[in-house]
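Notes follow once the structure below has been shown.
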Amino acid sequence: MTETATRDEARLWQTFSVVGLCLGTLFFAASLTPSLLPRAFFVQGVLSGVSLAVGYGLGVLLVWLWRYLELPEPPHGPRYYGKLGMAAACAAVAVFFLWKAAEWQNSIRALMELEPVDTAHPSKVGGIALVLFLLLVALGRGLKRLYVLVSDRLKSFVPRRVAYVLGVVLVGLIVASLVDRVLLRYALRLADSAYAELDALFEDGIERPSGALKTGSAGSLISWETLGRTGRSFVSGGPGSEEIAAFTGRAAKEPMRVYVGLRSADTADARARLALEELKRIGAFDRKVMVVVAPTGTGWVDPEASVTLEYLHGGDTVMVAQQYSYLTSWLSLLIEPSYGAEAAHALFREVYGHWTTLPVEARPELYLYGLSLGTLSSEQSTDLLNILGDPFQGALWAGPPFNSRLWSRFTAERNPGTPAWLPRYGDGSVVRFTSQKNALDISGAQWGPLRIVYLQYASDPVVFFDPLAWYRRPAWLVDERGPDVSPELRWYPIVTFLQLALDMALATTAPLGYGHLYAPEHYIDAWMAVTEPDGWSDAEVERLKQALAK
């Protein structure tokens with residue numbers, strides 16, 4: 001090796017922080033351990049690369065802080081060889097954890113009945129992570145050069161240490177401004193435009209209904225064209241009376257579904273009034289069961305929930321929903337968090353207001369339903385204290401987001417000894433929780449006049465994401481784990497937060513019955529508890545579960 005090559009190699013190693021490499025390797029290793037959902041090699045590689053870069057950046061920050069405080073440093077001579085030794089140790093740790101990564105991923109996949117990952121999984125993950133790490137380091141060094149440039153200019157006007165602090169602040173403001181005003185706003189405008197066009201599409205196989213009692217038909221108060229893609233799918237889907245009767249062996253009615261699209265009227269209040277008039281037009285208040293639905297961000301209503309309810313009550317049902325957005329739930333939560341609650345409140349106010357004017361013995365049983373962001377909106381559609389004089393019958397809320405107000409309160413105030421992923425609240429007369437295995441039959445508990453059921457999976461990151469997981473262990477990771485959560489899952493500061501954030505973004509990639517995809521057989525138990533349908537034996541319920549599970 002020439003003297004020049006040796007000097008170049010030394011300079012290369014000097015550009016890396018040994019503390020950053022060590023801390024980054026620990027973050028990288030922790031990121032390979034399982035979280036709530038299984039991850040494909042590309043997703044795992046991205047997560048591990050980001051974790052490596054975050055750990056490295058934190059290490060660099062600690063070194064900078066050490067030098068800023070002018071604390072003593074080791075002599076220059078041993079640093080070069082120390083870095084070589086630490087690099088070798090870091091590489092050994094990384095290889096070991098990569099070797100274990102497939103085993104950890106398969107611990108989740110086995111619980112969810114998925115095929116195990118292939119033997120090339122670790123090498124693919126490592127390659128993607130390394131490339132992403134180098135790109136992020138290059139980006140970080142570019143920002144560092146900008147910081148040095150700014151702070152050097154400031155030294156002419158303020159003391160050196162003050163210049164360092166101001167340099168960090170100014171560069172941070174520049175980056176935040178670029179992200180907010182350029183990248184984020186452009187991306188959001190692009191997403192808004194794309195989802196608006198998608199919502200307006202007419203999908204093949206979905207035709208305008210001909211029945212006079214169908215929303216969007218020729219006799220409807222609501223135009224077929226204004227329903228949006230998800231609304232048209234909702235009102236034209238589901239089982240008919242003949243299909244229900246063929247399965248149950250009993251006479252059945254044609255289920256009613258009313259939907260008001262975002263383009264059907266200008267405001268949430270106007271759309272809610274239109275929905276009420278449509279309900280009156282079709283005679284919906286003569287049905288046995290009426291459900292006020294809060295859809296997800298796109299306006300989607302989970303067909304698994306709708307179909308199960310309609311079978312259980314022989315079609316003697318009506319479901320009514322109002323669209324408030326055409327963006328996905330997480331984008332709706334980011335851009336327009338109050339729209340869902342505003343729309344849900346307007347619809348409930350109109351329906352409940354008319355319902356209370358009807359004779360008690362002649363009106364339908366009234367329920368609320370929501371999934372995901374719909375649960376958050378549905379919870380906020382009314383203040384329970386305001387309806388105690390004439391309460392509706394209950395609510396089924398599935399996959400409640402982690403920031404749902406009522407859910408958070410019930411979970412935080414759960415009975416001692418019950419796990420956070422399946423809590424029990426009070427005496428079980430008002431609120432109960434369930435999961436894949438029916439947990440609604442509580443010994444000694446009696447339902448009151450108002451029944452609320454939360455359907456949630458322990459593996460659902462939308463429910464169990466914890467924004468404080470970067471520094472504290474989530475409550476659902478204390479003591480007993482959920483049956484669909486890997487026993488290998490451990491909490492690591494910062495890394496677990498990154499894992500859960502990625503899981504939440506990919507929550508609907510899990511197989512049906514896990515993550516954020518709720519299976520019909522689990523809705524059946526929940527609807528049975530909330531609405532108490534007549535005439536169903538245990539054997540018939542099991543037969544319905546098996547039929548819908550297919």
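Note that this is a predicted model, so its numbers are computed, not measured.
- A perpendicular orientation is assigned to the rings of Phe285 and His354, their planes being inclined by more than 60° (bins at 30° and 60°).
- In summary, Asp390 and Arg363 engage in a salt bridge, as defined by a charged side-chain N under 4.0 Å from a carboxylate O.
- The CG atom of Leu312 sits 6.0 Å away from the CD1 atom of Ile524 when rounded to the nearest 0.5 Å.
- The side-chain hydrogen bond (donor to acceptor under 3.5 Å, both in side chains) analysis of residues 507-522, with sequence neighbours excluded, yields the pairs Ser372-His516, Tyr457-His522, Asp460-His516, Asp460-Tyr518.
- Judged purely by atom type and a 3.5 angstrom limit, Thr411 has no side-chain atom pairing as donor or acceptor with the backbone of Ser408.
- For Phe465 and Phe497, the distance between ring centers is under 6.0 angstrom.
- Tyr454 and Phe433 have parallel rings, their planes meeting at less than 30° on a 0 to 90° scale where 60° marks the start of perpendicular.
- Between atom CZ of residue Arg405 and atom CD of residue Gln380 there is a gap of 6.5 Å, rounded to the nearest 0.5 Å.
- Contact check on Glu413 versus Arg409 returns a salt bridge, with a Lys/Arg side-chain nitrogen under 4.0 Å from an Asp/Glu carboxylate oxygen.
- Taking both residues in full, the closest heavy atoms of Val351 and Leu276 are given as CA-CD1, 4.5 Å, listed atom of the first, atom of the second, then distance.
- A distance below 6.0 Å separates the ring centres of Tyr311 and Phe247.
- For the residue pair Trp447 and Ser429, the shortest heavy atom distance occurs at CE3-O, 3.4 Å.
- Of the possible polar contacts, one joining the Thr434 side chain to the Ala439 backbone as a donor-acceptor pair under 3.5 Å is found.
- Partners of Trp104 according to the ring-ring contact (aromatic ring centres under 6.0 Å, His included) rule, which considers only residues two or more places apart in sequence or in another chain, are Phe97.
- Surrounding CG of Asp266 are at most 12 heavy atoms belonging to other residues, nucleotides or ligands under 6.0 Å away.
- Closest of all the heavy-atom pairs between Phe234 and Ser306 is CE1-OG, 3.7 Å.
- Between Lys253 and Ile244, every side-chain heavy-atom pair lies at or beyond the 4.5 Å cut-off.
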Report task. Apply side chain to side chain contact (heavy atoms under 4.5 Å, CB included) to the pair Leu489 and Thr33, showing each step before the final yes or no. Result -> CA-CA 7 Å; Leu489 196 160; Thr33 61; over 6 Å; no
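- Side-chain contact between Arg281 and Ser220 is present, with at least one heavy-atom pair separated by less than 4.5 Å.
- The neighbour count for Glu242 CD, taken as heavy atoms of other residues, nucleotides or ligands under 6.0 Å away, does not exceed 12.
- Checking each of Val258, Leu221, Leu279 against Thr215 for a side-chain contact (heavy atoms from CB on, under 4.5 Å) leaves exactly one that passes, namely Val258.
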Requested in this report: Using the side chain to side chain contact (heavy atoms under 4.5 Å, CB included) rule, take Leu368 and Ser381 through it: C-alpha gap first, then chi angles, then the decisive distance, then the call.
Outcome: CA-CA 9 Å; Leu368 305 183; Ser381 65; 3.9 Å; yes
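- Here CG of Leu371 is found 10.5 Å from CD of Glu304. Values are rounded to the nearest 0.5 Å.
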Query - Derivation and outcome, salt bridge (Lys or Arg N to Asp or Glu O under 4.0 Å), residues Lys545 and Asp525 - result: CA-CA 9 Å; Lys545 288 182 180 180; Asp525 290 326; 2.8 Å; yes
Report task. Kindly determine whether Glu225 and Arg263 satisfy salt bridge (Lys or Arg N to Asp or Glu O under 4.0 Å), including the steps that lead there. Result -> CA-CA 9 Å; Glu225 288 73 19; Arg263 299 177 180 86; over 6 Å; no
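- Side-chain atoms of Met112 and Pro38, non-hydrogen and from C-beta on, do get closer than 4.5 Å to each other.
- At least one donor-acceptor pair under 3.5 Å links the side chain of Thr356 to the backbone N or O of Tyr352.
- Contact annotation: the side chain of Val260 never approaches that of Leu227 to less than 4.5 Å [non-hydrogen atoms, C-beta and beyond].
- Under the 4.5 Å side-chain criterion, counting only non-hydrogen atoms from C-beta, Gln44 is in contact with Gln105.
- When all heavy atoms are compared, the tightest approach of Pro295 to Tyr324 is O-OH, 3.3 Å.
- The side-chain heavy atoms of Val289 and Pro364, taken from C-beta on, include no pair separated by under 4.5 Å.
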Query raised in the report: Given Glu540 and Arg250, is the salt bridge (Lys or Arg N to Asp or Glu O under 4.0 Å) satisfied, shown in steps?
Result: CA-CA 12 Å; Glu540 288 176 316; Arg250 299 184 289 270; 3.5 Å; yes
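- Contact annotation: the side chain of Leu517 never approaches that of Pro511 to less than 4.5 Å [non-hydrogen atoms, C-beta and beyond].
- Atoms CH2 and OH, on Trp527 and Tyr523 in that order, are 8.5 Å from each other to the nearest 0.5 Å.
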**Report entry** Candidate pair Phe402 and Phe464, rule ring-ring contact (aromatic ring centres under 6.0 Å, His included), full reasoning
**Finding:** CA-CA 6 Å; Phe402 65 93; Phe464 294 109; over 10 Å; no
Requested in this report: List the steps and the verdict of side chain to side chain contact (heavy atoms under 4.5 Å, CB included) for Tyr259 and Val293.
Outcome: CA-CA 9 Å; Tyr259 192 94; Val293 177; over 6 Å; no
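- In this structure a side-chain-to-backbone donor-acceptor pair under 3.5 Å is present from Glu254 to Ser241.
- Each salt bridge (charged side-chain N to carboxylate O under 4.0 Å, His left out) pair with one or both residues in residues 467-482, not counting sequence neighbours, appears once here: Asp466-Arg472.
- Rounding to the nearest 0.5 Å gives a distance of 6.5 Å between CH2 of Trp421 and OG of Ser435.
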Query - Worked verdict on Asp534 versus Lys288 for salt bridge (Lys or Arg N to Asp or Glu O under 4.0 Å) - result: CA-CA 11 Å; Asp534 299 326; Lys288 177 186 177 184; 3.3 Å; yes
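- The two residues Pro209 and Gly216 have their closest heavy-atom pair at CG-C, 4.4 Å.
- Within a 6.0 Å radius of CH2 in Trp470, no more than 12 heavy atoms belonging to other residues, nucleotides or ligands are found.
- A donor-acceptor pair is defined here as one N or O able to donate and one able to accept, closer than 3.5 Å; such a pair exists between the side chain of Thr418 and the backbone of Asn415.
- To the nearest 0.5 Å, the span separating CG on Asp484 from CD on Glu113 amounts to 11.5 Å.
- A salt bridge between Lys280 and Asp286 is absent, with no side-chain N of the basic residue lying under 4.0 Å from a carboxylate O of the acidic one.
- A donor-acceptor pair is defined here as one N or O able to donate and one able to accept, closer than 3.5 Å; such a pair exists between the side chain of Ser217 and the backbone of Gly211.
- Here the closest heavy-atom approach between residue Arg432 and residue Ala445 is recorded as NH2-CB, 3.5 Å.
- Judged by distance alone, with hydrogens and angles left aside, the side-chain atoms of Arg208 form no donor-acceptor pair with the main-chain N or O of Trp224 at under 3.5 Å.
- For Asp316 (side chain) and Arg287 (main-chain N/O), no donor-acceptor pair under 3.5 Å exists by modelled atom type.
- Side-chain contact of Gln499 with Ser35: a donor-acceptor pair under 3.5 Å is absent, judged by distance alone.
- In this structure, a donor-acceptor pair under 3.5 Å is absent between the side chains of Trp407 and Thr375.
- At least one side-chain heavy atom of Leu384 sits under 4.5 Å from a side-chain heavy atom of Leu406.
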